[in-house]
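In the text below, chain A, chain B and the rest are named by the order of the sequence lines, each starting its count at 1.
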Amino acid sequence: MSTLKIYNTLTKTMEEFIPGGVKKNRIEDYPEVSIYSCGPTVYNFAHIGNFRTFTFNDMLRRYLKFRGYKVNHTLNLTDVDDKTINGAKAENKSLKEYTDRFIEFFKEDLKTLNFDEFEHYPRATESIPEMADIIDRLEKNGFTYEKDNSIYFSIAKWDHYGQLSELDKREIQTGTRYDTDEYEKDDIRDFVLWKAPKSEDEPQWEINQGSGRPGWHIECSAMIRKIYGTTIDIHTGGVDLIFPHHENEIAQSEAAYGEKFVRYWMHVKHLFVEGAKMSKSKGTFYTIRDLVEKGYSPRSIRYLLFSAHYRKQLNFTLAGLDSIKQPLARIDNFVARLKLTAEGCSSDDEIVSASGKFISSFIETMDDDLNISGALGNLFDYIHEINSIIDQTGITENGSRLVYDTLKKADSVFGFIFFNDSKDTNTDIDAERIEKMIAERKEAKAAKNFAAADSIRDALLSEGIILEDGKDGTTWKRK
RNA sequence: GGCGUCGUACCCAAGUGGUAAGGGACAGGUCUGCAAAACCUUUAUUCAGCGGUUCAAAUCCGCUCGACGCCUCCA
């Protein structure tokens with residue numbers, strides 16, 4: 001059996017995944033896997049690009065669970081920064097009131113896309129004491145300085161700075177305006193831990209160093225400390241966060257506590273929409289809601305977001321979303337076929353071996369840094385193989401059940417094979433009337449009155465109902 | 001300017017030294033009164049271009065062209 005290997009941004013290499021840092025013989029013997037994922041800033045609806053990253057998080061946790069690891073996963077919610085503060089001010093609401101609403105929307109979106117439930121969804125504003133503790137320790141260890149009542153981290157004092165983003169290899173471009181922040185720093189690359197209020201009515205909290213609000217990076221370090229207490233296994237986020245966000249998290253956490261912050265860093269590449277960067281002016285800044293309103297199913301969105309490897313750029317297009325109806329229909333038809341053909345005569349041996357082969361190839365593929373595209377290939381190979389068997393020899397009820405269970409198992413990772421698309425259930429179509437018309441058509445066909453039969457079919461088609469004649473009678477579906 | 005990534009069929013997309021997965025589209029077939037759907041089969045002598053290393057390269061090295069990322073609190 002293979003072992004899970006993941007690409008670690010910290011070392012720039014593929015590494016065997018060893019939770020807790022100590023190799024065990026069996027997966028069940030490993031301690032709970034601790035994962036922290038940078039979540040959304042809740043000042044607006046999250047867009048499709050955000051959801052690529054979040055979908056990756058969902059896939060990662062689902063696969064770890066599938067593999068037998070115990071998972072303890074955090075997705076944070078940034079509820080205090082310039083954007084949330086300004087947004088609340090603009091609507092004359094309290095920060096909490098304002099962000100509560102978007103957190104709710106965000107969680108609805110997660111549900112819409114069939115996300116697994118994460119263990120924790122902490123808000124930045126709920127970890128102020130932990131932030132204060134980090135700042136106290138940094139101050140005591142001599143890593144901070146104060147300027148205009150804001151507290152900064154001095155990277156000159158921290159020897160290990162730059163390991164994640166390989167800063168030591170870089171030269172800073174001359175003539176670049178490096179920082180336009182209103183806050184003054186000693187070194188342009190220093191970062192703020194605690195911001196002095198710009199105005200009295202701004203949200204602020206009291207800590208030993210004075211009244212203010214958290215800098216961008218401190219919240220993640222604080223929440224990780226609060227929830228996990230010590231070194232965590234995996235930290236994920238979009239590639240844009242490598243520098244400076246994650247670099248600064250490492251600096252402040254390791255300088256404060258003197259122990260390793262994170263074992264494995266995983267970063268998701270950004271997506272393109274219609275071949276270019278998402279852009280509000282081009283109208284390619286989609287939210288999940290936008291797409292659903294346009295009539296695309298959440299299931300297709302999930303599939304598309306899933307389908308490309310997380311470290312490759314994914315080109316998200318509406319045409320691509322459309323074409324996903326086909327593979328999904330193929331999967332659905334396959335599942336339906338399992339139910340229909342449960343009285344075949346094949347020996348189960350072939351089914352058993354094909355199913356076993358599928359699962360082991362699925363594991364081998366996914367163990368290679370979550371190669372989801374390869375795994376999708378495995379899935380369709382399996383469907384193809386079973387379809388062939390059914391065509392040639394049929395399938396027994398036992399065989400059918402085994403295939404069904406195998407799909408269920410794989411779907412604990414995919415999450416789009418058995419997807420409850422609520423859109424299909426709230427129908428206002430009169431099913432009884434349709435069944436009656438189908439019965440009439442059947443009679444017409446029996447009487448060889450094909451003109452009458454076709455006119456019934458056409459009448460329903462004009463209402464958007466498609467009739468399909470199969471071996472076991474006629475079924476209908478919406479266009 | 002510095003650091004880095006990518007370029008595989010009409011489209012999407014795996015494969016990173018052993019002779020091109022998978023999906024969509026297209027085409028042929030089975031089934032059907034016809035159709036649709038479903039299923040089956042077929043589809044890249046070739047991996048941006050050029051040169052090199054090797055018994056062997058899409059995979060390693062060099063150069064060229066093209067797209068992109070970070071170096072600006074953007075997932």
Side-chain angles (χ1 to χ4, degrees), chain A residues 12 37-41 46-57 78 81-83 165-181 188-189 191-192 215-217 236-245 248 267-272 275-278 303-304 307-309 311-317 319-320 322-334 336-337 340 361 365 368 371-384 387-388 390-392 444-446 448-451 453-454 457-458 461 466-471 474-475 477:
Chain A
K12 273 94 197 155
S37 299
C38 284
T41 301
H47 55 69
I48 197 73
N50 294 318
F51 275 101
R52 184 197 192 183
T53 306
F54 304 146
T55 304
F56 164 74
N57 290 322
T78 300
D81 78 322
D82 286 346
K83 287 188 285 262
S165 52
E166 298 189 292
L167 269 196
D168 48 332
K169 278 199 194 168
R170 302 183 184 185
E171 279 172 30
I172 284 142
Q173 183 176 4
T174 51
T176 304
R177 231 178 314 127
Y178 211 74
D179 191 89
T180 50
D181 202 317
I188 45 174
R189 290 176 299 169
F191 57 93
V192 66
W216 178 30
H217 318 295
T236 74
V239 283
D240 56 296
L241 299 180
I242 294 172
F243 185 86
H245 185 51
N248 292 346
H267 291 98
V268 184
K269 202 133 185 175
H270 284 186
L271 60 67
F272 266 21
K277 272 176 101 162
M278 284 187 302
Y303 185 105
L304 183 53
S307 59
H309 185 79
R311 284 193 289 118
K312 280 220 170 170
Q313 198 155 59
L314 167 72
N315 186 14
F316 188 98
T317 65
D322 267 326
S323 71
I324 280 160
K325 283 183 195 154
Q326 287 312 313
L328 288 178
R330 209 171 149 209
I331 289 168
D332 289 344
N333 286 317
F334 178 63
R337 199 175 183 204
L340 285 174
S361 63
T365 308
D368 182 20
N371 182 357
I372 192 71
S373 309
L376 238 26
N378 297 148
L379 173 69
F380 283 103
D381 281 343
Y382 178 58
I383 289 175
H384 177 206
N387 264 325
S388 295
I390 295 174
D391 272 7
Q392 282 161 29
K445 275 172 69 179
K448 305 260 184 229
N449 187 356
F450 297 121
D454 287 350
R457 185 167 65 195
D458 291 344
L461 186 64
I466 297 171
L467 295 190
E468 289 174 2
D469 295 336
K471 277 177 192 153
T474 300
T475 57
K477 66 180 181 188

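Searching all strands for a Watson-Crick or G-U wobble partner of B/U46 with both distances below 3.5 Å returns nothing. Base pairing annotation: B/C60 forms a Watson-Crick or G-U wobble pair with B/G52, both donor-acceptor distances under 3.5 Å. When both distances must be under 3.5 Å, the Watson-Crick or G-U wobble mate of B/C34 does not exist. B/C65 and B/G7 make up a base pair, with Watson-Crick or G-U wobble contacts both under 3.5 Å. Using N1 to N3 plus N6-O4 or O6-N4 for Watson-Crick, or N1-O2 and O6-N3 for G-U wobble, each under 3.5 Å, B/C70 pairs with B/G2. When both pairing distances are held under 3.5 Å, B/U16 makes no Watson-Crick or G-U pair with any nucleotide shown. Across the strands present, B/A21 finds no partner; the criterion is a Watson-Crick or G-U wobble pair with both atom distances under 3.5 angstrom.
Residues A/Asn57 and A/Ser37 bring a donor and an acceptor atom of their side chains to less than 3.5 Å of each other. When only modelled atom types and interatomic distance are considered, A/His309 and A/Asn371 share no side-chain donor-acceptor pair under 3.5 Å.
B/C3 sits 28 Å from B/A14 when the P atoms are compared, rounded to a whole Å. Taking the P atom of each, B/U59 and B/A20 are spaced 14 Å apart, rounded to whole Å. Comparing B/U19 with B/U54, their C1' atoms are spaced 14 Å from each other, to the whole Å. Here, B/U5 and B/C11 have their P atoms 26 Å apart, quoted to the whole Å. Rounded to the nearest Å, the gap between the P atom of B/A48 and that of B/G33 is 50 Å. When the C1' atom is compared between B/G17 and B/C55, the two are found 12 Å apart, to the nearest whole Å. B/G18 and B/C70 have their P atoms separated by 34 Å, given to the nearest Å. Nucleotides B/A75 and B/C60 have their P atoms positioned 33 Å apart, rounded to a whole Å.
The CG-P distance, from A/Asn387 to B/G23, rounds to 11 Å in whole Å. One atom, NZ of A/Lys325, and another, C1' of B/G24, lie 13 Å apart when rounded to the nearest Å. Distance A/Leu241 CG to B/C71 P: 10 Å, rounded to the nearest Å. In this entry the distance linking CZ of A/Arg337 with P of B/A38 reads 12 Å, nearest Å. If you take CD1 of A/Ile242 and P of B/C70, they are 10 Å apart, rounded to a whole angstrom. Distance NE2 (A/His270) to P (B/U5): 17 Å, rounded to an integer number of Å. Between A/Asp391 atom CG and B/C40 atom C1' the separation is 7 Å, expressed in whole Å. Atom CG in A/Leu467 sits about 16 Å away from atom P in B/G33, given to the nearest Å.
Residue-level contact check: A/Gly237 touches the backbone only, with heavy atoms under 4.0 Å from sugar-phosphate atoms and none from bases. Counting any heavy atom pair closer than 4.0 Å across all strands shown, A/His309 reaches sugar-phosphate atoms only and no base atom. Counting non-hydrogen atoms under 4.0 angstrom, A/Asp381 reaches the backbone sugars and phosphates but no base. Across all strands shown, A/Lys277 has heavy atoms under 4.0 Å from sugar-phosphate atoms exclusively, and none from any base. Within the 4.0 angstrom heavy-atom criterion, base atoms lie near A/Ser373. At a threshold of 4.0 angstrom between heavy atoms, the contacts of A/Lys445 include nucleobase atoms, whether or not backbone atoms are also involved. Counting any heavy atom pair closer than 4.0 Å across all strands shown, A/His217 reaches no nucleic acid atom. Residue-level contact check: A/Phe380 touches the backbone only, with heavy atoms under 4.0 Å from sugar-phosphate atoms and none from bases. Within 4.0 Å (heavy atoms only), A/Asp81 reaches no atom of the nucleic acid at all.
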| request: Report the C-alpha separation of A/Thr365 and A/Asn378 in whole Å, then their side-chain angles, then the decisive distance to 0.1 Å, and conclude whether the side-chain hydrogen bond (donor to acceptor under 3.5 Å, both in side chains) test is met. | output: CA-CA 8 Å; A/Thr365 308; A/Asn378 297 148; 2.8 Å; yes
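In this structure, A/Asn315 contributes its side chain and A/Gly275 its backbone to a donor-acceptor pair below 3.5 Å.
Applying the 4.0 Å criterion to OP1 and OP2 of B/U41, one finds that A/His384 has a side-chain N or O inside that range. Under 4.0 angstrom from either OP1 or OP2 of B/G15 there lies at least one side-chain N or O belonging to A/Asn371.
Interface remark: the A/Asp469 side chain does form a donor-acceptor pair with the B/C34 base, using a distance-only criterion of under 3.5 Å. Side-chain N/O atoms of A/Asp454 and base N/O atoms of B/G33 include a donor-acceptor pair closer than 3.5 Å. With hydrogens and angles ignored, no donor-acceptor pair closer than 3.5 Å exists between the side chain of A/Arg330 and the base of B/C39. Side-chain to base pairing of A/Thr53 with B/A75: one donor and one acceptor N or O lie within less than 3.5 Å of each other.
Nearest-nucleotide assignment on RNA chain B puts the 5′-proximal partner with A/Ala453, out of A/Phe272 and A/Ala453. Between A/Asn333 and A/Lys269, the residue anchored closer to the 5' end of RNA chain B is A/Lys269, taking for each the nucleotide with the nearest heavy atom.
Under 4.0 Å is where a charged nitrogen must lie from a carboxylate oxygen, and between A/Arg337 and A/Asp391 at least one such pair does.
Within the 4.5 Å cutoff, no side-chain heavy atoms of A/Leu271 are placed close to those of A/Gln313.
Closest to the A/Lys83 side chain, of the nucleotides B/C74, B/C40, B/G33, is B/C74.
Taking every heavy atom of both residues into account, A/Cys38 and A/Leu241 meet most closely at CB-CD1, 3.7 Å.
Counting non-hydrogen atoms of other residues, nucleotides and ligands closer than 6.0 Å to NZ of A/Lys448 gives a total of 12 or fewer.
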